[in-house]
Amino acid sequence: MSFNLMYVPIGVPTFHLESAQKEFDKSAELLKSIDSAVDVPEEMLLSIDKLNTFTADKRPDLVIVQNVTFANGAYISEVLRKTDCPVLLWTLREPVIDGTRLRLNSLTGAYSAANALHAFNRPFEYIFGSADEEKVIAKVKATVTAAKLKKALKSLNIAQVGHTPQGFGFGRALDSEMLTTFGAGLVSVEARELIDKAKAFTDDDIKAYLEDAKTRINGLENISDNNVLDFARLYRAYDEFVKENNIGALSSRCWPDFFTAFGTPVCSVLGILNDLGVSSACEADTYGALSMFICSFLTGKSAFFGDPVSMNEEERTVTFWHCGMAPCSLAREDTGACAGLHCNRKIGPTLEFGCKAEPEVTIFRVGKKADGSFRFFVSKGEAVDKPQQFYGTSIVVKTDSPSEEVINSSVKDGWEPHFAVAMGNIEEELKALGNMLGIEVISY
């Protein structure tokens, strides 16, 4: 995926250009370190003519507009006329305050630019400070990453395998909403189609998939041979479907069909797909799968998917759990990902393990309000060193905010019962993405 980042340093030549040039050089260096392909002008754009020459016929995915000095609203208006992408507005700190000349007056320029942005009804990100300040570096990186994710969503195909069970309608997605809000395409297929595809494979057809699974899951030899072979059949069926349809995220119906119509759960297949780069959620929770995709894109790691099932107020922890479909890569090193039987149906293989510790995690959910509009749930913490809490897979998160407050508030606010847990702190990226998509972000 190509990504086009454009740096637009605007100003006028009547301020202290030596100071402005130093800030321009530092800013360009920072941006090149973040994205080597960034489009940087050869000089500061100190007139409308220079601005128009630089921006002519360009199609950026993110514009960083920086007031190297004061510039009136006409400058940003020209940028907005020519582009239709997210904007990061960057104000520079006054380099010297010595009772004499105002060197840059960047802040007043930012007010002029922001006023025009509001007139155009364009959401934007904002940062104040110089290019060598840590908060500026972090904000620019987060905004660039969020803009890359926004573009990636436009090429995402997300699959919905089967229908949500009764009472789980919160995860059901509409193709029109997925496309208009996130830019992603929704592919729908009946669960029986993949079941029938799996049933057609011979034992020879699935040898490679079975061998691969044995490198990921411990103890498959303890599960019924028929179930292990049928699991490998499902693995191949899902893998081929994903590749044939260019699927980047997937939600799958699981119970009761895979127990009653096939005799083997799909849990372990979904866990492996996550580690293969296809964000996969169970119980046909398509917005859960989308949440996982967003988490994995921002962290480069597989995300956990599960229900909040337990809280310890004294430890300030919340346990997230599901029947056995977490990515194998998240398993504790002392146990690895183990094969087991489904906690209710007593059929395997499911995945059984507690997740390893992680110094920073983010709990995230693409949810919906009562009126049908979207919202983002965000809460930060750490995954603590805890063994498997229940049959299935579990992760124990010590929340930055008191866990009791997180649980009480999110229950009262009516959030869905499925959440993704990202392996990293991605709060700023999620806030920026929400702003770019026009989605409210609620932090707990």
Side-chain angles (χ1 to χ4, degrees), residues 1-6 31 34-39 58-64 83-88 123-125 138-160 173-187 241-251 273-281 285-305 327 362 364-367 374-378 420-439 441:
M1 181 193 70
S2 63
F3 178 80
N4 301 311
L5 173 62
M6 186 167 72
L31 294 176
I34 294 172
D35 186 338
S36 59
V38 60
D39 194 353
K58 293 183 177 177
R59 297 292 182 269
D61 299 302
L62 173 66
V63 177
I64 297 180
T83 63
D84 182 21
C85 66
V87 174
L88 170 61
F124 63 96
E125 294 296 304
K139 179 66 176 182
V140 174
K141 285 182 176 178
T143 305
V144 171
T145 304
K148 288 181 177 180
L149 173 54
K150 181 177 183 291
K151 182 169 185 178
L153 287 169
K154 291 183 178 180
S155 59
L156 172 67
N157 286 330
I158 184 166
Q160 196 165 249
L174 297 177
D175 50 5
S176 57
E177 289 184 336
M178 189 66 74
L179 185 62
T180 56
T181 304
F182 301 98
L186 185 62
V187 178
F241 170 77
V242 162
K243 291 174 179 175
E244 289 166 2
N245 294 278
N246 191 30
I247 301 299
L250 177 147
S251 69
L273 287 177
N274 275 297
D275 279 333
L276 293 176
V278 181
S279 299
S280 301
D285 184 355
T286 305
Y287 290 117
L290 178 62
S291 302
M292 296 174 77
F293 175 86
I294 290 170
C295 289
S296 293
F297 184 97
L298 295 176
T299 63
K301 299 178 181 179
S302 301
F304 186 91
F305 172 83
T362 306
F364 175 63
R365 171 78 200 186
V366 176
F374 288 94
R375 59 180 178 173
F376 284 174
F377 175 104
V378 179
V421 181
M423 302 301 119
N425 179 358
I426 54 173
E427 181 181 31
E428 290 304 315
E429 289 85 348
L430 292 172
K431 287 181 177 178
L433 178 66
N435 187 31
M436 292 174 188
L437 296 176
I439 295 174
V441 179

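Just so you know, residue 1 is the first one in the sequence shown, and it goes up from there.
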A.B. asks: Is any side-chain heavy atom of Met292 closer than 4.5 Å to one of Asp285?
C.D. replies: no
A.B. asks: Under a 3.5 Å distance rule, please check whether Ser176 uses its side chain to pair with a backbone N or O of Leu174 as donor and acceptor.
C.D. replies: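 It does not hold such a pair.
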A.B. asks: Is there a donor-acceptor pair closer than 3.5 Å between any side-chain N or O of Lys151 and the backbone N or O of Ser2?
C.D. replies: yes
A.B. asks: Does Thr362 use its side chain to pair, donor to acceptor, with the backbone of Ala422 at less than 3.5 Å?
C.D. replies: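 No, Thr362 side chain to Ala422 backbone: no donor-acceptor pair under 3.5 Å.
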A.B. asks: Can you find a pair of side-chain heavy atoms, one from Val378 and one from Lys431, that are under 4.5 Å apart?
C.D. replies: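 SC-SC contact between Val378 and Lys431 ruled out.
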A.B. asks: Is a donor on one side and an acceptor on the other found under 3.5 Å between the side chain of Ser296 and the backbone of Phe293?
C.D. replies: no
A.B. asks: Looking at Thr299 and Met423, would you say the former's side chain and the latter's main chain have a donor-acceptor pair under 3.5 Å?
C.D. replies: no
A.B. asks: Any side-chain heavy-atom pair from Met178 and Tyr287 closer than 4.5 angstrom?
C.D. replies: yes
A.B. asks: Is the number of heavy atoms from other residues, nucleotides or ligands within 6.0 Å of NZ (Lys58) greater than 12?
C.D. replies: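 Count over threshold, so yes.
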A.B. asks: To the nearest 0.5 angstrom, please state how far the SG atom of Cys295 sits from the CG atom of Leu430.
C.D. replies: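 So the gap between those two atoms works out to 6.5 Å.
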A.B. asks: Using modelled atom types and a 3.5 Å cut-off, is there a donor and acceptor pairing between side-chain atoms of Asn4 and backbone atoms of Asp61?
C.D. replies: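 No.
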A.B. asks: Would the distance check show the side chain of Ser279 and the main-chain N or O of Ala249 forming a donor-acceptor pair, the cut-off being under 3.5 Å?
C.D. replies: no
A.B. asks: Please check if the side chain of Asn157 supplies one atom and the backbone of Ala159 the other of a donor-acceptor pair under 3.5 Å.
C.D. replies: no
A.B. asks: Do side-chain atoms of Asn435 reach the backbone of Phe124 as a donor and acceptor pair under 3.5 angstrom?
C.D. replies: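 Side chain of Asn435 to backbone of Phe124, a donor-acceptor pair under 3.5 Å: yes, one is there.
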A.B. asks: If you compare all heavy atoms of Ala432 against all heavy atoms of Ala146, which two are closest, and at what distance to 0.1 Å?
C.D. replies: CB-CB, 3.7 Å
A.B. asks: Where do Leu62 and Lys148 land on the side chain to side chain contact (heavy atoms under 4.5 Å, CB included) test, with the steps shown first?
C.D. replies: CA-CA 8 Å; Leu62 173 66; Lys148 288 181 177 180; over 6 Å; no
A.B. asks: May I ask you to decide if Thr145's main-chain N or O and Glu429's side chain share a donor-acceptor pair within less than 3.5 Å?
C.D. replies: no
